[in-house]
Amino acid sequence: MASDNPYLAHHNKKNKSGASSRVNTPGPAQGSMSKGGPLHGFMPRNVTGTQARTALEHDENPFTGNPHSAQYKKILEARKKLPVYTQMDEFMRMFSENQVIVMVGETGSGKTTQIPQFVAYSDLPHTKGKMVACTQPRRVAAMSVAKRVADEMDVQLGRHVGYSIRFEDMTEPGTTFLKYMTDGMLLREAMNDPDLQRYSTIILDEAHERTLATDILMGLLKALAKRRKDLKIIIMSATLDAVKFQRYFSLGNDEDGKAPLFKVPGRTFPVDVFYTQEPEPDYVEAAIRTVLMIHRAEDPGDILLFLTGEEEIEDACRKIKIEADDLLSQDSDSVGPISCIPLYSSLPPQQQQRIFDKAPEPRVAGGPPGRKVVVSTNIAETSLTIDGIVYVVDPGFFKQKVYNPRIRVESLLVSPISKASAQQRAGRAGRTRPGKCFRLYTEKDFMKELEEQTYPEILRSNLANTVLELAKLGIKDLVHFDYVDAPAPETLMRALELLNYLAALDDDGNLTALGGMMAEFPLDPQLAKMLIVSPEFKCSNEMLTITAMLSVPNIWVRPQAQRQQADQAKALLTVPGGDHLTLMNVYNHYQNNLHDKNWTWQHYLNSRALQQADNVRAQLQRNMEKFDLPLVSIDNETKLHQAVRESLVCGFFMQIAHKEGEKGGYMTVKDNQAVRLHPSCGLDTSPEWVIFNEFVLTTSPYIRIVTEVRPEWLLKYAPTYFDLTQFKDGETKRALQRVVDRVSNKVSGGSNGRSRVNDEREPKRARRA
DNA sequence: GAGCACTGC
């Protein structure tokens, strides 16, 4: 509490406005406790650069009371050389005078580590029991930056400086005043505390990446800034799209209608950019050619090549290796050896580490030096930095998620990158010394064809989850919410429709009790729904497992050279009744064999993914317990499998396919998409009705992770959705009509006309007629 | 008879 703090002898406790009046340099210490303290006389949010520097140079750590270590002083000297450090006075002034600041700091400016510290020295959150939050789009970044800043501030990580990411809260309540966290984590916190009362300043870092969570947070913070005049907000971005954020955060109280901009130059080496004269018809071929040209003709230095996906990368690596070996055997006097290293996220961490290996040694002592070539997806554009890269080859493409609200499908498309992305890629060549970037497109195309910025995620995603989160956040009017970029109305409509069918929103769009519960689960709404209803089918333990398994990346490993063995191993774990049951089976076997470290490897399973499923399951179980949802199982396997499938229907009744037409053909219900079972599907027959986890559009339309269901359940658990009067004529409708007739003949007077999915959650025995 | 860009809760 402020009153206990010795450093605040002069602080007017009533003054909680950000725009406080300027106060003259405070006089000498009054209270004995503050005498000589490093923060003596500091007025929160009115601290000057000079004052902050005095405290930084002080022998005593103002936050721990301990003397500063030698290490601290050494790091401080390095910090002083960062571009952002030289502008501390300007920043401190701007922070004192404004509620919202937009900051642009290019790579190497030091913004992520320094700005939150500057804020801590001005805001003094520890004196008022508040925290400064700094969000990051990625977990690793939140962790590693927090560690670095803890070192810089000479405190223990997890105490005064900490981080908070899913599965790991490295903070100490009451002590932590500077917290790095993922953007998604802050969004979650907002669901239970819409005013984010525990924070005095919130910094959104890497805002230019425009992740879904950051975009929603910007909307929330803009509204919150009006309710909480004491909250300060900083939007940090690496590119010059800052004007957009400045306008967005104008808050209407300055004459030019823009939030102030704090700009810091980067500190990187110059990179020469080269373009092709003509467009390249085959970018992979051109990329390989360019890599070899660099290898033959350019000075020593490692190469980074950007391609779009695993297959392309593995293929390119093979070809580069073959050609390079050829060169080496023809001309070993002037050409050195090459090592070609693939990089993409699904590689095991151990193989990802290879990008940090040294370039190969010359063939003979004193011979031409070796060269390392890293062939990578976009992962090397933001998530991973490789030092020592001197040459970048940029074909100008990446894979991007796109959402088609009409058919409700997300798919991956190879698309041209943006100018900002091209700039970022080029920058990867200048981290340690001047470099070169070879763009495999023309300068004219760069200028005319490329978008300025990558399309924000909110415009490319299924928003079912987001809309539920917003509803939980108390946003009533989702269509008129103040988005930085508003999503397509059809996308919002699709999300509202789904949530209404799931009974998460009522017909007026208000959040139901069930919806409120669903929002608390870190899951897609369908998964949350089926998990929440599962205790009524007495199979919540099993649904916890299945939900967790559906929330992690592919668990099956299928190496190119051992496909057959992998498929055989998979067959042994397959449950013929459906892929959902197979997932459950795999998890149970995994649990029973935890003592055997080789088990996953021997069964061609991804142990990282299984471990993650275990983590997710534990988290979901805590959520269930929080709502007093019972954790129950059924002993009889047949009954259990049926209960599981009925629970699945309660969440995924909008993802049903009916067998129609030629062999193996299915038609999705209502959307009428012709689909086939994905080749990875483990069903031994082709049942008439199936429920699927996802629809994927790759070489052709497939449904993946498929389980047999009975049509009676569809009518029973989702009567509104399966209201046949709303169905288009066709085979599906006729088949369902036969089921309706059959059921009403058996149970005369049986009702099918209930209007809400939720009204009929009582799991009566569903007999096959 | 195929694939998984990258994140996040």
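Below, chain A is the first sequence line, B the second, and so on; all start at residue 1.
Contact between the side-chain N/O atoms of R139(A) and the OP1/OP2 oxygens of dC9(B) is found at a separation under 4.0 Å. For dA2(B), the OP1/OP2 oxygens have a side-chain nitrogen or oxygen of Y702(A) closer than 4.0 Å. Regarding contacts with the backbone of dC9(B), every side-chain N or O of S551(A) stays at 4.0 angstrom or more from both OP1 and OP2. Between T699(A) and dG3(B) there is a side-chain N or O to OP1 or OP2 distance below 4.0 Å. Distances shorter than 4.0 Å separate some side-chain N or O of T377(A) from OP1 or OP2 on dC6(B). Between S345(A) and dC6(B) there is a side-chain polar atom (N or O) within less than 4.0 angstrom of OP1 or OP2.
As judged by a 4.0 angstrom heavy-atom cut-off over every strand, I379(A) is placed among residues touching the sugar-phosphate backbone only. Among the heavy atoms of the strands lying under 4.0 Å from R188(A) is at least one base atom, whether or not backbone atoms are also near.
Within residues 612-622 of chain A, no residue is approached by DNA chain B to less than 4.0 Å at the level of any non-hydrogen atom.
A side-chain hydrogen bond (donor to acceptor under 3.5 Å, both in side chains) check over residues 673-686 of chain A, counting only residues at least two apart or in different chains, returns the pairs K659(A)-S686(A), H678(A)-S680(A). Sorted by first then second residue, the side-chain hydrogen bond (donor to acceptor under 3.5 Å, both in side chains) pairs that include residues 203-217 of chain A, not counting sequence neighbours, are T112(A)-D205(A), Q136(A)-D205(A), R138(A)-E209(A), D183(A)-T211(A), D183(A)-T214(A), R210(A)-D215(A), R210(A)-D485(A), T211(A)-T214(A).
Closest to the side chain of R138(A), out of dC9(B), dA2(B), dT7(B), is dT7(B). Side chain of I165(A), nearest nucleotide from dC9(B), dA5(B), dG3(B): dC9(B). Closest to the side chain of N465(A), from the set dG8(B), dA5(B), dA2(B), is dG8(B).
At whole-Å resolution of the value, CE in M181(A) and P in dC9(B) are 10 Å apart. Distance D524(A) CG to dG8(B) C1': 12 Å, rounded to the nearest Å. Atom CD of Q424(A) is separated from atom C1' of dA5(B) by 16 Å (rounded to the nearest Å). Here the C1' atom of nucleotide dG8(B) and the OH atom of Y163(A) are 16 Å apart, to the nearest Å. Following rounding to the nearest Å, F167(A) (CZ) and dC9(B) (P) show an atom-to-atom distance of 8 Å. Between the NZ atom of K399(A) and the C1' atom of dC6(B) there is a distance of 12 Å, rounded to whole Å. Following rounding to the nearest Å, I705(A) (CD1) and dG3(B) (P) show an atom-to-atom distance of 15 Å. Summarising the geometry, the separation between NZ on K626(A) and P on dC9(B) is reported as 16 Å, rounded to the nearest angstrom.
More than 12 heavy atoms of other residues, nucleotides or ligands lie within 6.0 Å of CZ in F481(A), so this atom counts as buried by the packing criterion.
Between the base of dG3(B) and the side chain of R563(A) there is a donor-acceptor pair shorter than 3.5 Å.
Remark: S421(A) engages E381(A) in a side chain to side chain donor-acceptor pair (under 3.5 Å) (not counting sequence neighbours). The side chain to side chain donor-acceptor pair (under 3.5 Å) search around S418(A) returns T454(A), not counting sequence neighbours.
Comparing R676(A) and V696(A) along DNA chain B, the residue whose closest nucleotide (by nearest heavy atom) sits nearer the 5' end is R676(A).
Ring geometry, F692(A) versus F695(A): the interplanar angle falls from 30° to 60°, so the pair is classed tilted.
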Table please: side-chain donor-acceptor pairs of residues 340-347 of chain A below 3.5 Å, with sequence neighbours left out.
from: Y344(A); atom 1: OH; to: E314(A); atom 2: OE2; distance (Å): 2.4

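Under the 3.5 Å distance criterion, the side-chain polar atoms of D282(A) are left unmatched by any main-chain donor or acceptor of A286(A).
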